[in-house]
Amino acid sequence: MDALWLHIVQWLHTVGLHVDAGTAREVAGGMAQATQKLDMPSLLALAAALGWASGFRLYAVVFLVGLMGSTGLLALPAGLHLLENPLVLAVAGSLMLVEFFADKVPWVDSAWDAVHTVIRVPGGALLAAGVFGADNATMGLVAGLLGGSLAATSMATKMTTRAAVNTSPEPFSNGLVSLFEDGLVVGVVWMATQHPLAFGFALVVMVLLSVLLLVVLFKFLRAVLRRMSLFFGGSAQPVVEKPNV
């Protein structure tokens, strides 16, 4: 953070605005103190956002939040400092790029989602728990349960919607839906960190819309569940209808 403010002061000098070094340090110290004290609504919003967004793009969430923490744009809780590690950022960024392109190809996206059903929900739960885990084990457990549930809901919505979209003969709708999900993840993370209370209301709306969408697309949801059962080694037994007597 000090290096960032040093660059800002140097830039101000180049444009003719001279800021005293002591004043700059006081401002930087005040900003650091303000960003490091996250209140309970902010922490809950961050945990919920990490869980919800992980159901769509786990790697993007890890990369974006870690990048914001490492550049000083967001003071991460102690349990999430691991995301700032350069190795974590490199791996998450690489997988994010792979997922970005894989998610735009019809049927490839569904296969990618099927593989990641065992990754996104636990990942969302761990990220949400990390918001509190280092300081409060009880709240960490609650946040983990919340994050895992939200990740499962958003992932089910994503997979069901994709199953419906993939039945379309043209390839463009899949790409448009995927781009919408990319923007949604960025918007969710931004709103949760900048406007936590507004994000709380938005999250309620998104969850209600997800439930409604799952009900409307119930036929495709059953197809998704059947594919997941086959993927994890289950056997799909044919349904035999009893004749009417």
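From a predicted model like this one, the values you see are computed outputs, not experimental measurements.
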Query raised in the report: Which heavy atom of Leu127 sits nearest a heavy atom of Leu80, and at what distance?
Result: O-CD2, 3.6 Å
Report summary line: In terms of heavy-atom contacts, Pro106 and Asn174 come closest through CA-ND2, 3.7 Å
Query raised in the report: Same cluster or not: are Leu50 and Leu67 linked, directly or through other Ile, Leu, Val, Met, Phe, Trp or Tyr residues, by side-chain heavy atoms under 4.5 angstrom apart?
Result: yes
Query - Path from Leu58 to Leu145 over hydrophobic side-chain contacts below 4.5 Å - result: no
Report task. State yes or no: do Leu126 and Val62 share one hydrophobic cluster built from I, L, V, M, F, W and Y residues joined by side-chain heavy-atom distances below 4.5 Å, directly or via other members? Result -> no
Report summary line: For Val118 and Val115, the nearest pair of non-hydrogen atoms, with its separation, is CG2-O, 3.4 Å
Taking only distance into account, with no hydrogens and no angle test, what donor-acceptor pairs under 3.5 Å do side-chain atoms of residues 204-215 form with protein atoms, sequence neighbours excluded?
unit_1 : atom_1 : unit_2 : atom_2 : d
Ser210 : OG     : Thr157 : OG1    : 3.4
Ser210 : OG     : Met206 : O      : 2.9

Report summary line: Residues Val61 and Ser54: closest non-hydrogen pair is CG2-N, 3.9 Å
Query raised in the report: How would you list all residue pairs meeting salt bridge (Lys or Arg N to Asp or Glu O under 4.0 Å) that involve residues 140-159, not counting sequence neighbours?
Result: Asp103-Lys158, Asp113-Lys158, Lys158-Glu181
Query raised in the report: Considering residues at least two apart in sequence or located in another chain, which fulfil the ring-ring contact (aromatic ring centres under 6.0 Å, His included) criterion with Tyr59?
Result: His116
Query raised in the report: Can you name the nearest heavy-atom pair linking Ala128 to Ala47, along with the distance?
Result: CB-O, 3.5 Å
Query raised in the report: Are Met68 and Phe63 in one and the same hydrophobic cluster, where Ile, Leu, Val, Met, Phe, Trp and Tyr link if side-chain heavy atoms are under 4.5 Å apart?
Result: yes
Query raised in the report: Applying salt bridge (Lys or Arg N to Asp or Glu O under 4.0 Å), which residue pairs with at least one partner in residues 41-52 are found, sequence neighbours left out?
Result: none
**Report entry** Pairwise salt bridge (Lys or Arg N to Asp or Glu O under 4.0 Å) hits with a residue in residues 182-206, at least two apart
**Finding:** Arg57-Asp182, Lys104-Asp182
Query raised in the report: How long is the span from the CZ atom in Phe56 to the OG atom in Ser178, to the nearest 0.5 Å?
Result: 11.0 Å
Report task. Return the minimal non-hydrogen interatomic distance between Val131 and Pro77, and the atom names on each side. Result -> O-CB, 3.4 Å
Sequence neighbours left out, cut at 3.5 Å: what donor-acceptor pairs do the side chains of residues 184-200 make with other protein atoms?
unit_1 : atom_1 : unit_2 : atom_2 : d
Thr193 : OG1    : Val189 : O      : 3.0
Thr193 : OG1    : Trp190 : O      : 3.0

Report task. Return each pair, listed once, that meets salt bridge (Lys or Arg N to Asp or Glu O under 4.0 Å) where at least one residue sits in residues 188-199; pairs must be two or more places apart or across chains. Result -> none
Query raised in the report: Taking it one step at a time, do Thr153 and Trp52 satisfy side chain to side chain contact (heavy atoms under 4.5 Å, CB included)?
Result: CA-CA 8 Å; Thr153 302; Trp52 177 259; 4.0 Å; yes
Query raised in the report: Is it true that Leu203 and Phe132 fall in one hydrophobic cluster, defined by side-chain heavy atoms closer than 4.5 Å?
Result: yes
Please report, to 0.1 Å, the donor-acceptor pairs under 3.5 Å made by any side chain of residues 81-99, with sequence neighbours excluded.
unit_1 : atom_1 : unit_2 : atom_2 : d
His81  : NE2    : Leu76  : O      : 3.0
Asn85  : OD1    : Leu87  : N      : 2.8
Ser94  : OG     : Ala90  : O      : 2.9
Glu99  : OE2    : Trp112 : NE1    : 2.8
Glu99  : OE2    : Arg120 : NH2    : 2.8

Query raised in the report: Which residues, ordered by chain and number, are linked to Val108 in its hydrophobic cluster, where ILVMFWY side chains connect at heavy-atom gaps below 4.5 Å, directly or through other members?
Result: Val105
